[in-house]
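These numbers come from a predicted model, not from an experiment. All values below were derived from every heavy atom in this structure, side-chain atoms included, with hydrogens, water molecules and symmetry-related copies excluded.
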Amino acid sequence: MNSKYHFPAGNTMLQSLAGSFKLIKDPIRYLSIEMEKFSGTYSGFMPDKGRVIVTQNSDFVNYVLRENHTNYKKAKLDTDVVAKQLGTSLLFANGDDWRRQRRLIQPAFHHAGIHKLYETVINTVNAQIANFPQGRQIDVYPLMRKLSFSVLINSLFNIDMSSQMTDELCRAFVELQAFMTKDVLQPFRRLLYPLTGEEKKLIKQWDGIRDMLRGIVALRRADETDHNDLLDMLLNARYEDTGQGMSEEQLISELLILLFAGHETTGSTLSWLLYLIASNDQVYEKLMGKIEKTDMLDSPRDSYINAIINEGMRLYPSVWINERVALQDDQFGGFTFPAGTSILTYIYGMHRSESYWKNASAFNPERFLTPEGVIDKNVKNYFPFGAGPRMCVGNNFAMAEMAFVLYAIFKTFHISTIGTTPTAWPLLTLRPREVILNIKKI
């Protein structure tokens with residue numbers, strides 16, 4: 001490495017290779033140990049990336065994601081087959097393509113646009129919860145994932161979709177995430193795809209999903225009725241420079257990423273929240289008091305409900321790690337590094353660092369409230385939806401949806417734990433392996 005660059009202290013190539021087996025087995029444990037060893041920032045080596053920097057330093061994270069974001073691009077998808085399906089969407093675009101697409105899509109997720117969807121979201125949540133199982137030792141993660149997926153389907157399309165079609169779509173996205181995770185963490189598997197047929201099977205499945213979405217879009221284009229859903233908003237959106245709408249393939253890619261990213265992140269967060277609330281009597285009782293004094297429609301405006309959601313996302317951020325790639329040579333805090341360097345921002349570690357949070361491992365929603373009991377908008381060291389211009393476009397929608405779900409569930413059921421802590425499963429998102437709780441109707 002050129003001596004003009006000064007990387008953080010860290011692991012050699014050989015040490016990184018040896019540690020890669022621990023990283024694959026338990027990423028959070030491995031990274032947390034390294035963060036403790038190297039005081040929050042270190043360098044190492046990764047295949048195909050060379051020397052990388054990993055950090056949970058809040059100032060460094062803020063510098064990369066917000067202050068100097070123009071010098072950093074989103075890392076390309078490391079899995080080629082998925083890149084072909086999702087690589088043109090807003091989530092993975094860069095530069096002018098990203099800015100153009102963001103300006104087009106952003107208005108659909110402004111507060112005014114989201115409010116139009118509230119009735120659809122509430123009706124979907126209530127319908128799903130009406131069919132919840134009751135009893136002891138129920139895994140709520142599949143329930144939350146299905147609920148979140150149904151909310152997205154209805155908010156996007158607002159059409160009568162068979163439960164079979166909904167289940168097929170949901171299953172496809174679950175399988176996609178499993179494939180992506182294995183493909184990225186175990187790249188040697190790609191050598192076996194011609195023999196196993198795994199990649200070919202996935203491509204065939206996704207071709208079918210894209211055809212299904214094309215059919216929905218074609219029917220909508222031929223329908224002059226106002227459906228008051230996200231698909232209408234996206235179809236009516238126009239680029240500033242040309243006055244044209246999205247191409248069909250671009251629209252399909254955006255629909256896919258909204259379904260993929262939206263349902264998995266929200267479903268996981270809701271599962272963690274049910275466990276956290278059920279495990280804390282004080283929070284449980286205060287939440288019930290808030291529910292008694294408000295109605296479901298107003299729940300997204302309740303400060304304490306929002307504080308609960310914020311605290312849940314602090315402890316279990318769905319996007320637990322980010323990767324950005326430097327476009328030009330850069331420096332931060334005495335470190336210097338060349339263009340092409342990958343910066344991995346370890347959000348999970350930052351959110352649980354005692355340097356930034358008192359009693360960091362404790363579930364305490366009050367830390368997000370002012371002494372007057374309203375949401376503190378000046379909380380630092382907190383990036384559950386990312387930061388800067390690339391902050392998640394659907395953050396307002398997700399917050400409202402989670403408020404509606406918490407309100408409906410705790411209004412209807414008494415939730416209790418079985419005394420065990422769910423295990424985090426850090427895939428592309430931070431999902432629980434299972435969340436076993438007791439559910440009893442009030």
Please report the interatomic distance [atom1]([X]) to [atom2]([Y]), rounded to the nearest 0.5 Å.
{"X": "Leu406", "Y": "Met296", "atom1": "CG", "atom2": "CE", "value": "10.0 Å"}
{"X": "Lys73", "Y": "Trp98", "atom1": "NZ", "atom2": "CH2", "value": "15.0 Å"}
{"X": "Tyr316", "Y": "Thr429", "atom1": "OH", "atom2": "OG1", "value": "14.5 Å"}

Next item on the list: Step through it carefully: locate the ring centre of Tyr382, locate the ring centre of Tyr356, and say whether they are under 6.0 Å apart.
Entry: no
message = Could you check, using the six-membered ring where one of them is a Trp, whether Phe410 and Tyr284 have ring centers closer than 6.0 angstrom?
response = yes
Should we count CD of Gln331 as having more than 12 external heavy atoms under 6.0 Å? no
**Request:** Give a yes or no on whether Gln328 atom CD has more than 12 heavy-atom contacts from other residues, nucleotides or ligands under 6.0 Å away.
**Result:** no
Problem set entry | Ile347 vs Val61 side-chain heavy atoms within contact, under 4.5 Å | yes
With no hydrogens and no angle check, is any side-chain donor or acceptor of [X] less than 3.5 Å from a backbone partner on [Y]?
{"X": "Tyr63", "Y": "Phe332", "answer": "no"}
{"X": "Thr265", "Y": "Gly262", "answer": "yes"}
{"X": "His69", "Y": "Ala387", "answer": "no"}
{"X": "Asp139", "Y": "Val435", "answer": "yes"}
{"X": "Asn280", "Y": "Val283", "answer": "yes"}

Could you check whether Asn68 and Asp330, counting side-chain N and O atoms only, form a donor-acceptor pair closer than 3.5 Å?
yes
